[in-house]
Structures are given as structure tokens and as C-alpha cells.
Amino acid sequence: MEQLNNLIYGNECLSKIIDKARDWNFETLDGIGCCRKHDKYALIELKLYHIDNHPEKDKLKFDYYYSYFNWNVDPNQFPIENYEYAKQELIKYAEFITNWFCTIKGKRIPLVYEINFAGCFPADVFGRGAAGRALLDAIVSCFDEDLYKIGIEKKKKNHPSTY
């Protein structure tokens with residue numbers, strides 16, 4: 001018998017948005033998620049949408065069999081090294097979430113994850129589970145207004161220069 005690792009921590013939080021996700025008509029959604037652990041911290045703000053809603057869809061050569069992860073964070077506000085450290089983790093979580101949406105909807109769905117803000121404290125690590133969990137919470141907040149408001153408050157508190 002082979003041991004299997006659960007590499008997507010926090011995936012059970014998706015269970016509370018199943019009905020809303022199933023009813024989603026693919027309009028653009030805003031989300032914000034935060035994960036704070038002993039020596040890890042990540043905050044991610046994003047837009048989630050169907051590839052048909054991409055603003056430059058006609059100019060780009062998108063393949064409808066794939067979803068896309070667009071890191072659109074100002075490198076002057078968030079060091080690119082932090083993203084590079086957590087990139088594979090973020091992509092793994094985005095792939096899992098895309099597959100989850102496909103399962104809920106019963107069809108292939110090409111999504112775009114447009115990350116527009118990321119936050120991390122200098123003494124903390126952005127990756128090692130924190131970035132992926134923040135992404136997962138950001139997705140849940142797209143369908144949960146109370147969680148979205150909590151995320152905005154955390155951003156205001158921890159990253160006041162962005163306001």
C-alpha cells in the first residue's frame with residue numbers, strides 16, 4: 001500500500017461555497033485571502049474570471065483547454081523573489097481549484113487567476129503553505145462577502161500604504 005499526501009491544505013473550506021460555485025455564471029469575482037502562521041504570512045488579492053472575460057482576449061492566443069495564472073503584482077511593492085519562491089505552490093493550488101470548479105460545474109472551465117496584490121512581512125516566509133492557503137481563502141471569499149470584508153480589513157491593517 002502506498003501513502004498519499006494531502007498536498008492541498010485547507011481544501012475542506014471549499015465545501016461551504018459549493019452551491020454558490022455551482023450557480024456562478026462566470027462574471028468576474030474579486031477575492032482576498034490571508035494566511036498567518038508562526039513564521040509564515042501571505043495575503044493575496046485577486047480577480048477570478050472565465051477566460052472569455054479576459055480584457056485582451058481577442059489579442060491573445062488562449063487555449064480553451066487550459067486555465068491561466070497571471071501574476072500582476074507591482075514588483076516595487078512585492079519582491080519578485082517571494083513570488084518565485086512560492087510559484088509552484090500557487091500553481092498547484094490554482095490547478096486544484098480549477099479541477100474542483102470543473103467537478104462542481106460538470107464541464108471543463110478555462111479560468112484566469114489574476115493576482116493584483118500580494119503581501120508578506122519581511123521576517124516571514126511567503127511560501128511553505130501560506131501562499132497556497134491565502135489563494136484558497138481568496139477563492140472562498142469570492143463567494144463569501146463576510147470573508148471578503150475580513151480580508152480587506154487585514155489588508156488595511158497589515159498593508160496600510162496600499163490605501
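These numbers were taken from a predicted model, which means no experiment stands behind them.
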[X] versus [Y], closest heavy-atom pair with distance:
X	Y	value
Arg22	Lys105	O-NZ, 2.9 Å
Thr98	Ser67	CG2-OG, 3.2 Å
Ile17	Ile139	CD1-O, 4.4 Å
Glu89	Gly132	OE2-N, 2.6 Å
Gly10	Arg133	CA-NH1, 3.1 Å
Gly31	Ser141	CA-OG, 3.2 Å

Quiz prompt | NZ-SG distance between Lys154 and Cys34, expressed to the nearest 0.5 angstrom | solution = 4.5 Å
Quiz item: Roughly how far, to the nearest 0.5 Å, is NZ of Lys40 from SG of Cys35?
Solution: 7.0 Å
Are [X] and [Y] packed together at the side-chain level, in the sense that at least one heavy-atom pair is separated by less than 4.5 angstrom?
X	Y	value
His50	Pro110	yes
Cys142	Lys47	no
Trp24	Ile104	no
Phe117	Ile44	no
Cys120	Tyr83	no
Lys16	Val140	yes

Self-check item: Reference residue Asn116; test side-chain hydrogen bond (donor to acceptor under 3.5 Å, both in side chains); the match among Asn70, Asn72, Asp74
Solution: Asn72
Quiz prompt | More than 12 heavy atoms of other groups within 6.0 Å of Glu145 CD | solution = no
Quiz prompt | Derivation and outcome, side-chain contact (heavy atoms from CB on, under 4.5 Å), residues Ile51 and Tyr68 | solution = CA-CA 8 Å; Ile51 202 164; Tyr68 296 88; 3.3 Å; yes
Quiz prompt | Within the 6.0 Å centroid threshold, strictly below: Tyr41 and His159 | solution = yes
Exercise. Please find out if less than 6.0 Å separates the ring center of Phe78 from that of Trp71.
Key: yes
Exercise. Could you give me the CA-CA distance, side-chain angles and deciding distance for Asp137 and Cys13, then say whether side-chain contact (heavy atoms from CB on, under 4.5 Å) is met?
Key: CA-CA 8 Å; Asp137 285 352; Cys13 71; 4.1 Å; yes
Quiz prompt | Partner of Glu45 under side-chain contact (heavy atoms from CB on, under 4.5 Å), chosen from Ile152, Asp30, Val73, Ile115 | solution = Ile152
Quiz item: Taking the six-membered ring for Trp, are Phe101 and Phe143 parallel (under 30°), tilted (30 to 60°) or perpendicular (over 60°)?
Solution: tilted
Quiz item: Does a salt bridge link Lys20 with Asp23, judged by any charged N lying under 4.0 Å from a carboxylate O?
Solution: no
Quiz item: Between Glu153 and Lys149, is the closest basic N to carboxylate O distance under 4.0 Å?
Solution: no
Exercise. Would you please test Phe69 and Leu46 for side-chain contact (heavy atoms from CB on, under 4.5 Å) and show each step?
Key: CA-CA 10 Å; Phe69 192 83; Leu46 58 71; over 6 Å; no
Let me check something: do [X] and [Y] share a hydrophobic cluster, defined by ILVMFWY side-chain heavy atoms less than 4.5 Å apart, either directly or through other members?
X	Y	result
Trp100	Leu90	yes
Leu48	Ile150	no
Ile80	Ile91	no

Quiz prompt | Pair Ser161-Gln77, side-chain contact (heavy atoms from CB on, under 4.5 Å): steps then yes or no | solution = CA-CA 10 Å; Ser161 64; Gln77 289 184 348; over 6 Å; no
